[in-house]
Amino acid sequence: KGTFPTMSKGKAALLFLVFVIAIAAIVAESVIMPKSIQTQMAPPDRAAQLAMGSFLTPFAEIFQFLEDTLTVSVGYAVSSMRFSELNALLHIGVLGGAASAVAAFVIAAVLAFVPSTAGAILNPSATPNQELVAGGCDIVPTTDLLLENARVYWLLIAAAWFPKFSQLSIFGFLTGTGQIFPQLAAMLVQGSVPIAVWFGLLGTDTPRLTILGLAYGVQDWVLFAIFIGYFVWNKPLRDQFRIRPVVCRCCSRRAPPEVDRALWWRLLRETVSGGSN
């Protein structure tokens with residue numbers, strides 16, 4: 001039985017149409033959102049958002065490197081039909097991703113609520129700009145002004161790490177097995193959800209920076225629900241690759257399989273050593 005199933009011409013045409021729509025949505029998001037953000041956000045909020053992005057993005061990469069390595073390992077296990085390793089890697093990916101996300105969120109939250117640390121991240125030029133602020137210059141934002149709405153955005157983006165990290169191994173598995181629907185769904189969500197949330201809340205009293213955090217944070221939760229839901233729903237795919245959960249019976253009526261601890265530890269060591277190289 002092949003990994004990549006065949007499909008009818010009608011289904012192929014429908015998927016191609018959805019693919020075109022998804023590409024159009026991504027292109028539209030990349031054009032519409034930056035222009036709207038630039039015009040709708042106050043300069044202090046925009047400055048805070050850019051400062052947080054320059055910190056949170058590389059900070060998340062520190063905790064995400066294991067998941068990136070696991071995604072590659074999952075694809076290799078799929079292609080080589082190593083079912084025991086694949087089952088273990090998927091569990092390590094989801095559970096390890098959740099643990100990494102929790103650790104990253106806790107650290108980020110602590111940094112956000114320590115005024116000296118948050119201020120240094122958001123306004124590294126506070127000291128040299130103090131003379132301008134004292135002289136009455138209202139163009140240069142103060143640290144307190146930057147922090148006013150920044151913490152909510154900070155926490156919303158950090159909270160999105162949980163679904164983002166946890167879904168990477170599942171996405172690698174679905175991609176490696178030729179499941180086109182999840183890939184198209186990811187493209188549609190990334191292109192439509194930020195626009196829908198942003199413009200849907202612009203008319204409310206919600207701070208712009210909070211709306212932006214929701215716009216780009218909600219999409220990861222939506223993708224997580226789609227990937228996990230598709231994975232649980234597609235029982236033939238799980239049976240084909242002998243994927244069985246070891247912690248519950250939600251995806252199988254059979255008893256959970258015994259955990260090969262030696263295999264799990266070996267794969268975990270290889271992942272850590274591969275991710276650190």
Side-chain angles (χ1 to χ4, degrees), residues 2-41 46 49-50 53-54 56-58 60-61 64 67-72 74-76 78-79 90 93 97 153 156-157 159-203 208 211-234 236-237:
T3 302
F4 298 91
T6 58
M7 64 179 68
S8 64
K9 292 183 178 180
K11 185 177 180 180
L14 178 61
L15 288 176
F16 178 76
L17 178 62
V18 175
F19 173 75
V20 172
I21 295 174
I23 292 293
I26 290 178
V27 173
E29 187 274 336
S30 66
V31 174
I32 295 173
M33 285 299 291
K35 184 181 297 185
S36 181
I37 290 171
Q38 190 67 30
T39 57
Q40 293 291 335
M41 290 183 65
R46 181 60 170 162
Q49 185 260 327
L50 293 175
S54 65
L56 291 175
T57 299
E61 291 294 334
Q64 191 178 324
E67 298 305 308
D68 293 335
T69 304
L70 273 171
T71 302
V72 177
V74 166
Y76 179 75
V78 168
S79 62
L90 288 175
Y153 175 88
L156 287 171
I157 296 300
W161 292 339
F162 178 85
K164 182 179 294 184
F165 293 1
S166 301
Q167 73 190 8
L168 285 175
S169 59
I170 298 294
F171 182 72
F173 169 72
L174 295 176
T175 302
T177 54
Q179 305 301 306
I180 301 176
F181 170 77
Q183 301 177 55
L184 294 178
M187 296 170 65
L188 284 171
V189 168
Q190 291 169 357
S192 60
V193 169
I195 294 178
V197 174
W198 174 257
F199 287 99
L201 295 177
L202 273 183
R208 296 290 190 265
I211 297 176
L212 187 63
L214 289 171
Y216 285 103
V218 167
Q219 66 173 355
D220 290 309
W221 291 98
V222 174
L223 287 174
F224 178 76
I226 291 175
F227 293 153
I228 296 298
Y230 183 85
F231 181 79
V232 172
W233 169 78
N234 198 334
L237 180 67

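Predicted model, so just to flag it, every value in this text is computed and none were measured.
Pairs engaging residues 215-225 under the salt bridge (Lys or Arg N to Asp or Glu O under 4.0 Å) rule: Lys164-Asp220 [sequence neighbours left out]. Among residue pairs with one or both ends in residues 165-190, none qualify as salt bridge (Lys or Arg N to Asp or Glu O under 4.0 Å); sequence neighbours excluded. Legend: salt bridge (Lys or Arg N to Asp or Glu O under 4.0 Å) pairs involving residues 169-183, not counting sequence neighbours: none detected.
In this structure, Ser166 contributes its side chain and Pro163 its backbone to no donor-acceptor pair below 3.5 Å.
Going from atom CD1 of Ile226 over to atom CH2 of Trp221 covers 14.5 Å, rounded to the nearest 0.5 Å. With rounding to the nearest 0.5 angstrom, the CD1 atom of Ile211 is 9.5 Å from the CE atom of Met41. To the nearest 0.5 Å, atom CD1 of residue Ile157 and atom CG of residue Leu214 are 9.0 Å apart. A distance of 7.5 Å separates OH of Tyr153 from CG of Leu56, quoted to the nearest 0.5 Å.
Here Phe224 pairs with nothing under the ring pair (Phe, Tyr, Trp, His ring centres under 6.0 Å) rule; sequence neighbours left out. Legend: residues meeting side chain to side chain donor-acceptor pair (under 3.5 Å) with Ser30, ordered by chain and number and at least two apart, are absent.
Two residues are said to be in side-chain contact when any heavy atoms from C-beta on lie closer than 4.5 Å; Tyr230 and Ile170 fail this criterion. A 4.5 Å side-chain heavy-atom check between Val20 and Phe16 finds at least one atom pair inside the cut-off. Side-chain contact check for Thr175 versus Val78: every heavy-atom pair is 4.5 Å or farther apart.
Below 30°, between 30° and 60°, or above 60°: for Phe171 and Phe227 the angle between ring planes is between 30° and 60°, a tilted geometry.
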For Gln167 and Ile228, what are the C-alpha separation, side-chain angles and deciding distance, and is it a side-chain contact (heavy atoms from CB on, under 4.5 Å)? CA-CA 8 Å; Gln167 73 190 8; Ile228 296 298; over 6 Å; no
Derivation of the side-chain contact (heavy atoms from CB on, under 4.5 Å) call for Phe173 and Leu237: CA-CA 10 Å; Phe173 169 72; Leu237 180 67; 3.7 Å; yes
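Contact record, Gly53 with Pro58: O-CD, 4.0 Å, taken as the closest heavy-atom pair. When all heavy atoms of Gly217 and Ala160 are compared, the closest pair comes out as O-CB, 3.8 Å. Between Phe165 and Ala60 the shortest heavy-atom distance is CZ-O, 3.6 Å.
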Validation: residues 181-202 side-chain donor-acceptor distances under 3.5 Å, sequence neighbours left out:
unit_1 : atom_1 : unit_2 : atom_2 : d
Gln183 : NE2    : Gln179 : O      : 3.2
Ser192 : OG     : Leu188 : O      : 2.5
Trp198 : NE1    : Ser36  : OG     : 2.8

